[in-house]
Structures are given as C-alpha cells and as structure tokens.
Amino acid sequence: LAPSEKSPEVVASIPSDFGGEPGVSGDADAGPGTYAPLEWWTVFGDDSLNQLIDSALVANLDLVAAVGRVEEARAQLRATRGAMFPAVSASGDVSLQDTPLNTGAFSIFGGGADSTGGASSVARANTTTYSASLGFSYEFDFWGRIRNDTRAALNDAMSTEADLETARLGVIGETIATYFEIVDLRQRISLAVETLDVLSERVALTEERYDRGLATSFELYQIRLDYRNTQASLPDLESQLTDADARLAVLLGVYPGQLESFLATEFAPAVTFEPIPVGLPADLLVQRPDVRAAALRFDAARYRVGARRAELFPSISLTGSIGTQSGDIGELFNTVDQWAMNLVAGLTAPLFQGGRLRASVAAAQAQYKQLGATYAKTVLTAYKEAYVALNQYDEQQQRYEFFLAQVD
C-alpha cells in the first residue's frame with residue numbers, strides 16, 4: 001500500500017557536470033569521483049592539526065549526542081521489528097473461592113442448610129485453583145502495516161547514521177578552519193609587533209629629520225598615524241584570537257584555559273593546491289551524507305503512508321494460551337491430564353473512528369510531500385556548494401600565485 005518509489009523532479013534532472021567552466025568540471029587527470037573518505041587534512045603536513053582532529057572526533061560533544069541518536073534509532077528499529085513476531089508471555093495464578101451453597105445453582109438441592117448441633121447454618125464450598133500457562137498473540141500482517149513501519153524505522157536508523165557522518169564532517173571542517181584562523185591571527189599579531197618596532201624607529205628618525213628641517217610635518221604625522229593605527233589593531237587581534245581559541249576549545253570538549261596542551265608553539269601548515277577528483281554531480285547523491293540522510297527520510301515517509309493506509313483495513317489476530325490447572329499445587333506439573341488450552345482467532349474492522357484513521361493517512365501523505373521537497377532542496381544545496389567551492393578553489397589558487405609574485 002506504500003506509494004511507488006519515485007525521485008523528486010529536481011533530483012532526477014540533476015545536471016551532468018558542474019557548469020563546464022575552467023576549473024569547475026575538474027582536472028582531467030584527477031580521475032572520476034568515487035566515494036572513498038580520506039584523511040584529506042594530512043596534506044597540510046601539520047602534526048598539531050592531525051592531533052587536534054583526532055581529539056575532536058573523540059571528545060566533541062555534538063558527536064557524542066549524534067552517536068546517542070544513532071543508538072536510539074537502532075533501538076526503535078528493534079522495537080518496531082518486534083511486532084512482526086508472536087508475543088509470548090508466561091503467567092501463574094492462584095484462585096481462592098469461598099461460596100455459600102444456598103445461592104446460585106446449589107440452592108435447588110436444598111440450599112445447603114445444616115441443623116447439626118441444634119443451630120441452623122449454611123454449608124459453604126471452598127475451592128483453590130492453581131494454574132500456570134504460556135500465552136501468545138500474533139497479528140497477521142496481511143496489509144503490510146508492520147512491514148512498512150519496520151522499513152520506515154530502518155530508513156530512519158540509517159538516516160541517523162548518515163547524520164552522524166555529516167556531524168563528523170562538520171566537526172572536522174570547523175576544527176580545521178578554526179585552527180587556521182588561530183595560525184593566521186598569531187602570525188598577524190607577531191607581524192604587528194614587528195611592524196610596531198619598525199614604525200617606532202621610523203617615528204624617531206622622522207622626528208629627528210623634522211627637527212633638522214629635512215622632513216615635512218605631513219610626513220611626520222603620517223608616520224605617527226601609521227604607528228598608532230598598528231598599535232590600535234593589536235587589542236582587536238588579541239580579542240579575535242581569544243574568541244578563536246575558545247571556539248576550538250569547545251570543539252575539543254575542554255574549557256578555553258585547557259587548550260594550550262593541544263597546540264604546538266610553532267605552526268607549519270603547508271599550502272597545497274592538489275587536483276580534485278570532481279567526478280559527476282550525481283556522485284553527490286552517494287558521497288554526501290546529508291543528501292543520503294534526506295533520501296532515506298523521504299523513503300521512510302513513503303513507507304509510513306503505506307502503514308497508515310493499512311490501518312483502514314481489517315486486522316486479523318490470533319491469541320491463545322496453554323498450561324496446567326490443579327486444585328493442588330503439588331499436582332500442577334505432575335499430572336498430564338491437568339492441561340488446559342485456549343485459542344481465539346479474531347477479525348477487527350474499523351467502522352467508525354471519527355475520521356482519525358483517514359486523518360492519519362492525510363498527515364503521512366503531507367509529511368511525504370514535505371520530505372520530498374526537503375530532499376530536492378538538499379540536492380540543490382549540495383550541487384550549489386560543490387559548484388561554488390570548485391570555483392573558489394580555482395580562484396584562490398590564482399590569488400595565491402599573485403601573492404607569491406608580489407612577494408618575489
């Protein structure tokens with residue numbers, strides 16, 4: 001009863017390349033894109049960065065929470081799948097009954113009156129029954145409700161695993177970006193201090209030249225202005241460095257004051273522009289975990305539509321129990337003839353539920369539509385990010401080469 005599998009139009013019509021611009025469609029020598037997660041940050045050749053990422057992948061609290069969500073989804077899958085099997089339970093009962101014989105069926109035999117001893121009394125019946133049994137119940141999944149709910153739960157569990165991979169990529173990317181921000185700020189602070197020393201000497205020399213009439217007041221004021229501007233930039237750089245240090249500490253699951261043990265005193269990350277194996281845009285559907293998660297949730301919603309539709313039809317169930325009964329607990333398991341059995345087959349058809357079941361179907365269909373749009377947008381976003389990143393990669397390489405020429 002689930003809708004047939006169908007990809008949203010945006011996903012089905014994904015472009016065949018990344019625009020065909022230079023540097024966008026990929027290096028011909030790089031080879032096709034394949035899903036092979038690599039420790040790509042090792043190309044920077046920075047041991048401190050490698051250790052930071054290892055620490056973040058172990059101690060980051062967002063990842064700990066994501067692992068917990070994966071475990072929760074797997075447990076929910078096991079719980080949902082359990083409905084596909086018979087439910088078996090064991091029970092033991094003791095029944096004590098004390099009834100006067102002058103009531104009910106016994107009253108036609110004289111009411112149980114007893115005049116022994118000159119006083120009228122009522123005879124009573126005392127019975128004690130011991131029983132032990134195994135009960136079972138099973139619903140025949142004729143319309144596929146349980147199977148569809150189980151498939152939906154399976155897709156949910158796999159989507160949380162993809163979410164975990166997305167969180168890992170996010171933590172890795174944020175750790176690298178924050179680390180390079182710290183490297184950049186420390187070098188800028190070091191350069192600012194050296195610049196202040198140079199400017200301080202230039203201010204002294206210019207003042208001396210101004211006193212001797214060899215420099216104009218404009219030149220003197222300009223040197224002083226450069227000195228003060230550089231001096232004023234230091235507190236702002238220090239503030240930015242403190243913020244970056246604190247953000248990196250949170251990524252590592254420690255307090256800011258405990259960060260120094262993770263950072264080296266010297267930073268030496270290499271700058272590299274290796275060719276990127278871009279592959280086809282369709283590879284994003286496999287390579288990116290956020291796209292996989294969106295696709296799995298879309299498929300889970302499809303199965304839930306089938307499960308809610310199945311609730312509109314009659315359900316067939318089988319219940320029963322088998323065990324022993326005896327008035328003497330010692331004979332409960334010793335006598336074969338004390339066995340008892342009960343077996344019931346039932347058919348339950350929903351006739352009137354106040355529109356609840358049809359509303360559940362409509363809600364499942366609406367969610368299926370929402371998640372289809374979410375899946376399509378995720379694919380569009382993935383393509384856009386890859387397209388922009390590849391262009392920026394090529395442009396930054398050119399910018400870096402211009403800077404090297406300027407340094408030369």
Side-chain angles (χ1 to χ4, degrees), residues 37-72 160-197 199 226-273 288-290 293 381-382 384-385 388-389 392-393 395-396 399-400 403:
L38 302 173
E39 295 180 350
W40 55 269
W41 54 89
T42 57
V43 299
F44 296 119
D46 193 319
D47 292 336
S48 181
L49 175 61
N50 297 338
Q51 294 173 5
L52 281 174
I53 293 176
D54 291 341
S55 300
L57 291 177
V58 172
N60 184 267
L61 297 180
D62 289 335
L63 293 184
V64 174
V67 170
R69 287 190 289 271
V70 170
E71 294 172 350
E72 177 187 3
T160 57
E161 294 176 2
D163 288 339
L164 174 58
E165 293 302 321
T166 302
R168 283 175 175 159
L169 289 176
V171 168
I172 291 171
E174 194 171 353
T175 300
I176 293 173
T178 307
Y179 174 75
F180 274 98
E181 184 179 351
I182 292 174
V183 172
D184 174 65
L185 287 169
R186 289 194 178 188
Q187 292 182 350
R188 289 169 63 187
I189 290 173
S190 177
L191 288 173
V193 171
E194 292 183 16
T195 303
L196 278 177
D197 291 340
L199 289 176
D226 292 342
Y227 177 80
R228 294 303 181 187
N229 285 339
T230 304
Q231 192 177 43
S233 69
L234 270 176
D236 183 56
L237 292 174
E238 294 285 358
S239 176
Q240 293 180 43
L241 179 60
T242 300
D243 177 70
D245 284 342
R247 284 187 279 113
L248 183 60
V250 172
L251 287 170
L252 298 178
V254 299
Y255 290 100
Q258 304 170 350
L259 186 62
E260 287 302 322
S261 60
F262 293 91
L263 295 175
T265 55
E266 297 290 336
F267 300 105
V271 179
T272 177
F273 287 98
R288 286 188 53 137
D290 58 335
T381 302
K384 181 264 295 183
E385 290 177 349
V388 172
Q392 289 180 342
Y393 187 79
E395 292 163 359
Q396 289 296 320
R399 183 168 179 261
Y400 182 67
F403 275 128

Participant: Nearest 0.5 Å, what's the CD-CG distance between E238 and D245?
Facilitator: 10.0 Å
Participant: Could you state the interatomic distance from OG1 (T42) to CG (N50), rounded to the nearest 0.5 Å?
Facilitator: 6.5 Å
Participant: Do you know the tightest heavy-atom contact between L251 and N60?
Facilitator: O-ND2, 2.8 Å
Participant: So, for L49 and W41, which heavy atoms are closest and what is the spacing to 0.1 Å?
Facilitator: CD2-O, 4.3 Å
Participant: Rounded to the nearest 0.5 Å, how far does CD of E174 lie from CD1 of I172?
Facilitator: 12.0 Å
Participant: What distance separates E71 CD from E161 CD, expressed to the nearest 0.5 Å?
Facilitator: 11.0 Å
Participant: Check the pair D290, L169 against side-chain contact (heavy atoms from CB on, under 4.5 Å), reporting the backbone distance first and the verdict last.
Facilitator: CA-CA 10 Å; D290 58 335; L169 289 176; over 6 Å; no
Participant: Without swapping roles, check the side chain of T166 against the backbone of A162 for a donor-acceptor pair under 3.5 Å.
Facilitator: yes
Participant: What distance do I189 atom CD1 and D184 atom CG have between them, rounded to the nearest 0.5 Å?
Facilitator: 9.5 Å
Participant: Nearest 0.5 Å, please: how far is OG in S190 from CG in L185?
Facilitator: 12.5 Å
Participant: Identify the heavy atoms of A244 and T178 that sit nearest to each other, and give their distance.
Facilitator: O-CG2, 3.4 Å
Participant: Looking only at non-hydrogen atoms, find the nearest pair between D226 and T230 and report the distance.
Facilitator: O-OG1, 2.9 Å
Participant: Between Q231 and L196, which heavy-atom pair has the shortest distance, and what is it?
Facilitator: N-CD2, 3.6 Å
Participant: Among side-chain atoms of Q51 and D47, is any donor-acceptor pair under 3.5 angstrom?
Facilitator: no
Participant: Over all heavy atoms of both residues, which pair between A59 and L252 is shortest? Give the atoms and the distance, please.
Facilitator: CB-O, 3.3 Å
Participant: Between E165 and R168 (salt bridge meaning N to carboxylate O under 4.0 Å), is one present in this structure?
Facilitator: yes
